[in-house]
Amino acid sequence: EDEPDHDPDDDRDARGETHDHRVGNETDHRAEAQQPDDQLLFEISSDDAAQLNFGDCDISGTAYYPSYLNILNGVIEEFWNWIGYPWHVIIWKERWGTPTVHLTCNFSKPSFFGDRLTFRLSVTKVGRSSVTIEHTVHCGDELRWSGHQVLAASWLDKHTSMAWPDDVRAKLLSFLS
């Protein structure tokens, strides 16, 4: 089935700048793979790092943790796009998803309105129907927070876990060092 034509205006951000985030686009440097020995798999780089906006912060200008988690969810969505399984395809066409079943966060230092954060992610374990991801979030070289997250493959219509499709599991396993 053919995809509808892509309208570049759909990629304009709040500043009117365009970004092309389609999988396999070599000009998109937001998401970069690292060498296996780095233990770092995926990074939203500082060029387009997540800026903490006014709505992401409390009245004192300090990052509000639910906003952190919303941004983190966007990073996870970008990761799935980057590895070739965009959510709009797996959710709407294939009817499976990757809900978070476990999440812990350690907040080291506060972040503030206007800070530009870099999110780094590593796959550390792949199970039959789950994947474990470690996150670190930095402002410049300073660690602001870290997280440990487990996602599970799940049938959306049955609300039950499922084994990873063979190609997805192979892709996830390829990120283990």
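Excluded from the calculations below are hydrogen atoms, water molecules and symmetry mates; all remaining heavy atoms, backbone and side chain alike, are included.
Within 6.0 Å of OH on Tyr65 lie no more than 12 heavy atoms contributed by other residues, nucleotides or ligands.
Between the OG1 atom of Thr98 and the CG atom of Leu156 there is a distance of 9.0 Å, given to the nearest 0.5 Å. The distance from atom OG1 of Thr136 to atom CZ of Arg120, rounded to the nearest 0.5 Å, is 5.5 Å. The CH2 atom of Trp80 sits 9.0 Å away from atom CH2 of Trp87, with the distance rounded to the nearest 0.5 Å. To the nearest 0.5 Å, atoms NE2 (His138) and CZ (Arg116) are separated by 16.0 Å. To the nearest 0.5 angstrom, Asp167 atom CG is 9.5 Å from Ile83 atom CD1. Atom CG in Leu172 sits 8.0 Å away from atom OH in Tyr85 (nearest 0.5 Å).
For Ser146 (side chain) and His135 (main-chain N/O), no donor-acceptor pair under 3.5 Å exists by modelled atom type. Side-chain atoms of Arg169 come within 3.5 Å of backbone N or O of Gly127 as a donor-acceptor pair. Between the side chain of Trp164 and the backbone N or O of Ser130, at least one donor-acceptor pair lies under 3.5 Å. Asn53 places no side-chain N or O within donor-acceptor distance of the main-chain N or O of Gly55, the cut-off being under 3.5 Å.
The aromatic rings of Phe113 and Phe54 sit perpendicular to each other, their planes meeting at more than 60°, with 30° as the lower class boundary.
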Original post:
Between Phe79 and Phe119, is a side-chain contact (heavy atoms from CB on, under 4.5 Å) present by the stated rule, with each step listed?
Top reply: CA-CA 11 Å; Phe79 168 72; Phe119 285 71; over 6 Å; no
* To do: Kindly indicate, with the supporting measurements, whether the criterion side-chain hydrogen bond (donor to acceptor under 3.5 Å, both in side chains) is fulfilled by Thr124 and Ser122.
  => CA-CA 6 Å; Thr124 58; Ser122 298; over 6 Å; no
Take Val131 and Val150 through the test side-chain contact (heavy atoms from CB on, under 4.5 Å) and record every step on the way to the result.
CA-CA 6 Å; Val131 61; Val150 179; over 6 Å; no
request  = Let me see the working for Thr62 and Cys57 under side-chain contact (heavy atoms from CB on, under 4.5 Å), right down to the final yes or no.
outcome  = CA-CA 5 Å; Thr62 305; Cys57 300; 5.8 Å; no
Margin query: Show, in sequence, the C-alpha distance, side-chain angles and deciding distance for Leu72 and Val137, and conclude whether the side-chain contact (heavy atoms from CB on, under 4.5 Å) test is met.
Written below: CA-CA 9 Å; Leu72 182 67; Val137 181; 5.6 Å; no
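In this structure the side chain of Ser154 reaches within 4.5 angstrom of the side chain of Pro99, judged on heavy atoms. In this structure the side chain of Val168 reaches within 4.5 angstrom of the side chain of Trp96, judged on heavy atoms. Arg128 has its side chain within reach of Ser161: a pair of non-hydrogen atoms, C-beta onward, lies under 4.5 Å apart. Residues Cys105 and Leu69 meet the side-chain proximity criterion, which asks for heavy atoms closer than 4.5 Å.
Side-chain heavy atoms closer than 4.5 Å link hydrophobic residues (I, L, V, M, F, W, Y) into clusters, and following such links, possibly through other members, connects Val123 to Leu103. A continuous path of Ile, Leu, Val, Met, Phe, Trp and Tyr side chains, each step under 4.5 Å between heavy atoms, connects Phe107 with Leu121, placing both in one hydrophobic cluster. Note on Phe112 and Leu117: separate hydrophobic clusters, where clusters join Ile, Leu, Val, Met, Phe, Trp and Tyr whose side-chain heavy atoms are under 4.5 Å apart, directly or indirectly. Hydrophobic clustering (side-chain heavy atoms under 4.5 Å, transitive across Ile, Leu, Val, Met, Phe, Trp, Tyr) keeps Tyr64 apart from Leu52.
Contacts classified as side-chain hydrogen bond (donor to acceptor under 3.5 Å, both in side chains) and involving residues 100-112 (residues at least two apart or in different chains) are given here: Tyr68-Ser111, Thr100-Gln149, Lys109-Glu142, Ser111-Arg144.
Remark: Ala152 engages Val101 in a side chain to side chain contact (heavy atoms under 4.5 Å, CB included) (not counting sequence neighbours).
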